[in-house]
Amino acid sequence: MGKLEDIVSLCKRRGFIFPGSDVYGGMAGTWDFGPLGVMLKRNLMNAWWRFWVEQRDDMYGVDAVIIMNPKTWEASGHVATFADPLIECKECHGRFRADKLVDGATESITTEEFLQANPKCPTCGKQNWGEIKKFNMMFQTHVGPVEDDTSIAYLRPETAQGIFTNFKNVVDTIYPDMPFGIAQQGKAFRNEISPRDFILRDRECSQMEIEYFINPKNWEAEFEKMRTGQHVFLEEIIGLPESMIHELEVPAEDRAHYSKRTIDYMFDYPNGEEELMGLAYRTDFDLSNIQRASGKSMEYRDKVTGETYIPHVIEPSIGVERLFLAVLTAAYWEDGDRTVLRLSENLAPYKFCVSPLLKNKPELVNKAKEVYQQLKDKYTFVTWDDSGNIGKRYKKQDEIGTPKCVVIDFDTLEDDCVTVRDRDTTEQERVKISEL
Ligand code: GAP
């Protein structure tokens with residue numbers, strides 16, 4: 001496992017992640033994915049989509065808008081309750097999340113509890129605090145040319161509501177049997193008081209969420225299936241070590257306003273254990289609220305039994321950036337004087353790097369280009385590197401996680417074999433080009 005600053009530095013040096021608006025000095029809580037970062041990010045999102053949607057018969061996708069009718073956020077409870085406890089230092093006017101300054105505190109911390117602990121201000125070190133205020137984390141905007149109360153809209157703070165509001169559309173067009181799920185991947189926005197730990201807590205992130213609709217009488221069994229399914233995805237598909245993932249049964253007072261049971265999947269990040277994803281039993285909270293607010297029925301009629309009910313929901317929700325950072329944390333490895341990203345083959349941006357031993361020998365370069373094209377046609381994610389010496393090329397490919405480097409030398413011209421060097425063991429073997 002690497003230190004956070006080592007991972008941040010590698011990400012910038014090798015084009016995985018840059019600070020958002022870097023050229024203007026950045027903007028807190030925003031990050032841009034560079035050429036290699038976007039490849040890894042897509043591989044993660046595609047692996048999730050393949051596993052949870054494409055390989056199952058009971059999951060359907062949607063891609064809803066980010067700016068939804070503001071009634072959505074009134075009905076969902078976000079306007080009233082999607083807030084963090086904000087505290088201001090009266091000396092330096094620094095603003096902080098109160099629960100993050102007191103050991104063991106939760107989001108429901110009161111001013112009295114805070115003042116009893118009386119922590120030092122992280123900026124100026126003084127202990128002169130104001131009152132805790134509830135700070136709503138939704139970003140507001142105005143839709144249309146008039147800026148007044150009637151034009152207020154929000155950037156969605158979760159992708160989930162784009163699923164709930166399409167529940168009836170999916171039922172009426174696809175006629176799915178119960179239980180079934182609707183999945184969505186996309187941007188979510190939160191005006192976090194204290195964005196921190198690189199991409200762990202951002203103001204703009206990407207979520208991957210499923211609302212799995214069930215008959216309420218089966219909720220415990222369905223929750224259990226989803227609970228174990230998350231481990232299969234995180235450990236077998238993504239390759240995170242089981243020992244770095246810890247389930248946390250969230251106590252009632254810490255659960256989101258809509259949840260009757262929540263398990264947080266905590267991960268051993270470089271700065272300690274933090275939430276990677278959550279699994280919540282949202283009951284019929286959302287569909288019932290939508291039914292009330294819209295006046296449209298959200299009931300489902302079972303095709304076999306004729307039973308009619310508002311479905312309940314099990315919701316696994318994971319942030320792409322948190323998954324990205326978990327993958328980098330687990331993959332980062334310092335082996336003597338080399339830094340290696342031990343990414344699994346399905347996630348690595350490039351599967352192969354091809355290079356000629358010497359770049360000033362046309363016969364080697366031509367042969368290497370032939371091999372490069374052959375591998376590119378077969379595997380797509382193949383890179384070319386003829387810069388510097390071979391040691392420097394290996395060092396760079398190790399840092400970006402390329403599992404195999406293929407080198408074309410003078411013997412290749414005679415025997416049609418290449419040297420294949422393994423990223424993790426550094427062992428080299430001769431392999432026939434036709435067997436690559
Ligand atoms: N729809 C449920 C929901 O949004 P959440 O626990 O607030 O629940 C779900 O968020 C997941 O989204 C988190 O477990 C985390 O992976 C990711 N996430 C939430 N806020 C984030 C932020 N500010 N930065 C990065 N990821 C975030």
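Note that ligands are numbered from 1 as they come in the structure, with each ligand's atoms numbered from 1 the same way.
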J.: Does ligand 1 come near enough to Glu315 that some N or O of the ligand is less than 3.5 Å from an N or O of the residue?
T.: yes
J.: Under 4.5 Å between any side-chain heavy atoms of Ile17 and Glu321, yes or no?
T.: no
J.: Quick one: is the NZ or CZ of Lys41 closer than 6.0 Å to the six-membered ring centre of Phe33, and within 45° of its axis?
T.: yes
J.: Per the salt bridge (charged side-chain N to carboxylate O under 4.0 Å, His left out) rule, what does the pair list look like for residues 128-152, sequence neighbours excluded?
T.: none
J.: Just go through Glu158, Arg190, Met137 and tell me whose heavy atom is the nearest to atom 7 (O) of ligand 1.
T.: Arg190
J.: At a 4.0 Å threshold, what atoms of ligand 1 neighbour a non-hydrogen atom of Glu209?
T.: 1 (N), 2 (C), 3 (C), 4 (O)
J.: Looking only at protein heavy atoms, which one is nearest to atom 11 (C) of ligand 1, and what is the separation?
T.: Ser317 OG, 3.6 Å
J.: Which residue from Asp202, Val320, Asp286 reaches closest to atom 24 (N) of ligand 1 through any of its heavy atoms?
T.: Asp202
J.: Under 4.0 Å, counting heavy atoms only: does Leu200 come that close to any atom of ligand 1?
T.: yes
J.: Please list, in number order, the atoms of ligand 1 under 4.0 Å from a heavy atom of Gly278.
T.: 14 (O)
J.: Using a strict cut-off of 4.0 Å, indicate which atoms of ligand 1 neighbour a heavy atom of Met277.
T.: 14 (O)
J.: Which of the atoms of ligand 1 are close to Arg201, meaning less than 4.0 Å from one of its heavy atoms?
T.: 23 (N), 24 (N)
J.: Applying a 4.0 Å heavy-atom criterion (strictly less than), which segment of Leu276 is in contact with ligand 1: side chain, backbone, both, or neither?
T.: backbone
J.: Would you mind finding which of Arg196, Glu192, Glu275, Arg255 brings a heavy atom closest to atom 13 (C) of ligand 1?
T.: Glu275
J.: Could you tell me which atoms of ligand 1, counted from 1 in the order shown, lie closer than 4.0 angstrom to a heavy atom of Arg282?
T.: 1 (N), 2 (C)
J.: Using a strict 4.0 Å cut-off to heavy atoms of Gly319, name the atoms of ligand 1 that fall inside it.
T.: 12 (O), 15 (C), 16 (O), 17 (C)
J.: Has the side chain of Arg255 got a donor or acceptor atom that lies under 3.5 Å from a matching backbone atom of Val250?
T.: yes
J.: For residues Asp284 and Tyr309, determine if any side-chain heavy atom of one lies less than 4.5 Å from a side-chain heavy atom of the other.
T.: no
J.: Distance to the ring centre below 6.0 angstrom and angle to the axis at most 45 degrees; does that hold for Arg421 and Tyr394?
T.: yes
J.: Counting non-hydrogen protein atoms only, what is the nearest one to atom 26 (N) of ligand 1? Give residue, atom name and distance.
T.: Arg322 NE, 3.5 Å
J.: For Tyr258, take its heavy atoms, then give the atoms of ligand 1 lying under 4.0 Å from any of them.
T.: 2 (C), 3 (C), 8 (O)
J.: Checking a contact table here: which protein heavy atom is nearest atom 12 (O) of ligand 1, and how many Å away?
T.: Gln207 NE2, 3.2 Å
J.: Looking only at non-hydrogen atoms, find the nearest pair between Trp48 and Gln184 and report the distance.
T.: CH2-O, 4.3 Å
